[in-house]
There are 2 protein chains.
Amino acid sequence: MVRPLPFDPIEEAGRQWDQRWSGSAAMQAATSIMRAQQIVLARVDDALKPWSLTFARYEVLVLLTFSREGTLPLGKMGDRLMLHQASVTNLVDRLEQQGYLRRVAHPTDRRTTLAALTAEGRAIIDEATAAVVKASIGVAELNNRDQQDLHRILKKLRSGANDFSN
Amino acid sequence: MVRPLPFDPIEEAGRQWDQRWSGSAAMQAATSIMRAQQIVLARVDDALKPWSLTFARYEVLVLLTFSREGTLPLGKMGDRLMLHQASVTNLVDRLEQQGYLRRVAHPTDRRTTLAALTAEGRAIIDEATAAVVKASIGVAELNNRDQQDLHRILKKLRSGANDFSN
DNA sequence: CGATATTACTTGGACTTCCAACTATCTGTC
DNA sequence: GACAGATAGTTGGAAGTCCAAGTAATATCG
C-alpha cells in the first residue's frame with residue numbers, strides 16, 4: 001500500500017527539477033502518464049477479480065468478442081493490442097488454462113494458431129464488461145470532455161510512435 | 001517488435017465497443033493511457049541504456065539528487081515515487097549492485113535504511129538527465145500546451161486516487 | 001514496566017512486459 | 001523444384017510491479 005502525501009509529489013518534483021535542469025513540463029507530463037497507468041490498471045484489475053481476470057487478459061477476450069467468429073490468429077491479436085508476440089503467448093496460455101478460450105489450428109496455414117472463445121469465455125465477457133464499465137474503466141474522475149482531450153493528445157504521441165500509419 | 005497498423009486500433013476498438021456497450025470514450029481514454037505509458041517507458045529506457053539504467057531506477061537516483069544530502073529512507077522514497085515498499089527494495093538492490101548508491105544505517109532509528117548516492121551515482125545523473133531531456137522525456141510529439149493539459153487532466157485522476165491530500 | 005500496536009524493510013510468489021533465440025512452416029526466386 | 005528469406009509461435013530469461021507474510025525495532029498505553 002502507498003501512503004498519501006500532504007502534497008502532490010509530481011508538482012514538487014517539477015519545482016526541484018526546474019532548479020537544476022530544463023523540460024520540467026515534459027517531465028511532469030511523462031511522470032503523470034506513468035502514474036495514471038498504474039491507477040487505471042489497479043482499478044480495472046480490481047473490478048475484474050470476480051472472474052480472476054486482469055486488464056491484459058480481459059482485453060484479449062474483448063478483442064475476440066469483436067471478431068465475427070470469436071476467433072483470431074495470435075499474431076493479429078498482438079498487432080491490435082500492441083503487444084509483443086511473447087506477451088500474447090503468455091496471456092493466451094493463462095486464458096486457455098482458465099477455460100475462457102482454446103487454441104485451434106488454422107485451416108490452411110499450419111504456422112498459425114487461432115485463439116477461439118469458449119462458451120464460458122463468451123458467457124462471462126458481458127458481465128465482466130459491466131463491472132469494468134461500472135468502475136468507469138478506471139477514469140471516473142474525468143468527464144467526457146477530459147476523456148476526449150486525453151485521447152486526442154495521446155493520439156499525437158501514439159502516432160509519433162508508429163502505432164498506426166498516418 | 002510490434003508491427004504498425006494501417007488504422008488506429010484504439011479508434012477501431014471504440015467503434016466496436018459502441019456496438020455492444022456504453023462508455024467508449026472512457027475506454028479509449030483508459031486504453032490510450034495504457035499505451036502511452038508503454039511508449040514513454042520504452043523511449044526513456046532506451047535513452048538510459050548507456051548507463052544500464054531504466055526509468056524506474058533513474059527516478060530513484062533523481063529523487064536522491066533532490067535531497068540535500070543525497071540520502072533518503074527507503075520508505076520515504078516509496079511515498080514520493082508512489083511505489084510499493086517491495087518495489088523500492090528491488091530497485092535499491094539493483095542500484096546498489098551497480099554502484100550508484102549504497103545502503104546506510106539510519107543514525108537513530110534502527111528500523112530505517114537510508115539509500116545514499118555514491119560519487120559515481122552523483123557523477124552520472126547529470127549526463128543521464130541530459131540524455132533523457134534530449135529524448136524529450138518520451139513525449140516529443142507534445143507541445144508545451146499539450147504537456148500541461150495532460151498534466152492537468154491526469155491530476156484529477158491522481159487526486160481521486162488519493163495520491164495526495166486535496 | 002510490559003504487552004500490544006505500529007512502522008520499516010525484506011522475501012517469496014504472481015503477473016505482465018520485453019528481448020533473443022529457437023522451431024516450424026510458408027513464399028518467392030532462380 | 002530447391003534454397004534463402006520471411007513469418008508464426010514458443011521458450012527462457014530479465015525487469016518491474018504488486019501482495020502477503022515475515023523479522024526487527026520503535027511507540028503507545030494501561
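Just so it is clear, the values below take in all heavy atoms, side chains as well, and ignore hydrogens, waters and symmetry mates. Letters A, B, ... mirror the listed sequences (proteins, then strands); counts begin at 1.
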Qualifying residues under side-chain contact (heavy atoms from CB on, under 4.5 Å), relative to B/Asp18, sequence neighbours excluded: B/Ser24
Whether the side chain of B/Ser67 engages the backbone of B/Leu64 through a donor-acceptor N/O pair (distance < 3.5 Å, no angle test) should be reported. yes
A/Gln148 side chain to A/Arg145 side chain, donor-acceptor N/O pair below 3.5 angstrom: no
Charged N to carboxylate O under 4.0 angstrom, A/Lys76 versus A/Asp79? no
Measure the distance from CG on B/Leu72 to P on C/dC9 and round it to the nearest whole Å. 11 Å
Look at the side-chain N and O atoms of B/Ser87 and state whether any lies under 4.0 Å from the OP1 or OP2 oxygen of D/dC18. yes
Could you give the CG-to-C1' distance, from B/Asp93 to D/dA14, as a whole number of Å? 15 Å
Between C/dC15 atom P and A/Asp46 atom CG, what is the distance in whole Å? 16 Å
Sorted by chain and residue number, the side-chain hydrogen bond (donor to acceptor under 3.5 Å, both in side chains) partners of A/Lys134 (sequence neighbours excluded) come out as none
Under 4.0 Å from any atom of DNA chain D, heavy atoms only: list the residues of residues 94-111 of chain A that qualify, in numerical order. A/Arg103, A/Arg111
Identify whether any heavy atom of A/Leu91 sits under 4.0 Å from a base atom; if not, whether one sits that close to sugar-phosphate; answer base, sugar-phosphate or nothing. sugar-phosphate
Under 4.0 Å, counting only non-hydrogen atoms across every strand here, what does B/Thr89 touch: a base, just sugar-phosphate, or nothing? base
I need the CE-P distance between B/Met82 and D/dC18, as an integer number of Å. 11 Å
Which is more 5' along DNA chain C, the nucleotide nearest A/Asn90 or the one nearest B/Asn90? Just name the residue. B/Asn90
Donor-acceptor contacts under 3.5 Å from residues 44-53 of chain A side chains, at least two apart:
from	atom 1	to	atom 2	distance (Å)
A/Asp45	OD1	A/Phe55	N	2.8
A/Trp51	NE1	A/Glu127	OE1	3.4

Below 3.5 Å between N/O atoms, which protein atoms pair up with nucleotides 21-23 of chain D? Just atom names and distances, please.
none

Listed by chain and number, what are the side-chain contact (heavy atoms from CB on, under 4.5 Å) partners of A/Thr129, not counting sequence neighbours? A/Tyr58, A/Ile125, A/Val133, B/Trp17, B/Trp21
B/Leu83 CG to D/dG16 C1': how many Å, rounded? 9 Å
Among D/dG9, C/dT16, C/dC9, which is the nearest nucleotide to the side chain of A/Pro73? D/dG9
Check this for me: does any side-chain nitrogen of one of B/Arg80 and A/Glu12 sit under 4.0 Å from a carboxylate oxygen of the other? no
Which whole-number value in Å describes the distance from A/Met34 CE to C/dT17 P? 14 Å
Base, sugar-phosphate, or nothing: which does B/Thr112 touch, judged by heavy atoms less than 4.0 Å apart? sugar-phosphate
I'd like to know whether A/Asp93 forms a side-chain hydrogen bond (donor to acceptor under 3.5 Å, both in side chains) with A/Gln97, so could you lay out the CA-CA distance, the side-chain angles of the two residues, the decisive distance to 0.1 Å, and finally the verdict. CA-CA 6 Å; A/Asp93 280 353; A/Gln97 223 168 348; over 6 Å; no
Can you identify which nucleotide, out of D/dT17, C/dC19, C/dT10, has its nearest atom closest to the B/Ala56 side chain? D/dT17
What do the steps show when you test B/Ser159 against A/Glu141 for side-chain contact (heavy atoms from CB on, under 4.5 Å), and what is the final call? CA-CA 9 Å; B/Ser159 175; A/Glu141 292 84 359; over 6 Å; no
Interatomic distance, B/Gln38 CD vs D/dG16 C1' [rounded to whole Å]: 13 Å
How many Å lie between CD on A/Gln37 and C1' on D/dC18, as a whole number? 12 Å
What nucleotide among C/dC9, D/dA20, C/dT16 has an atom nearest to a side-chain atom of A/Arg57? C/dT16
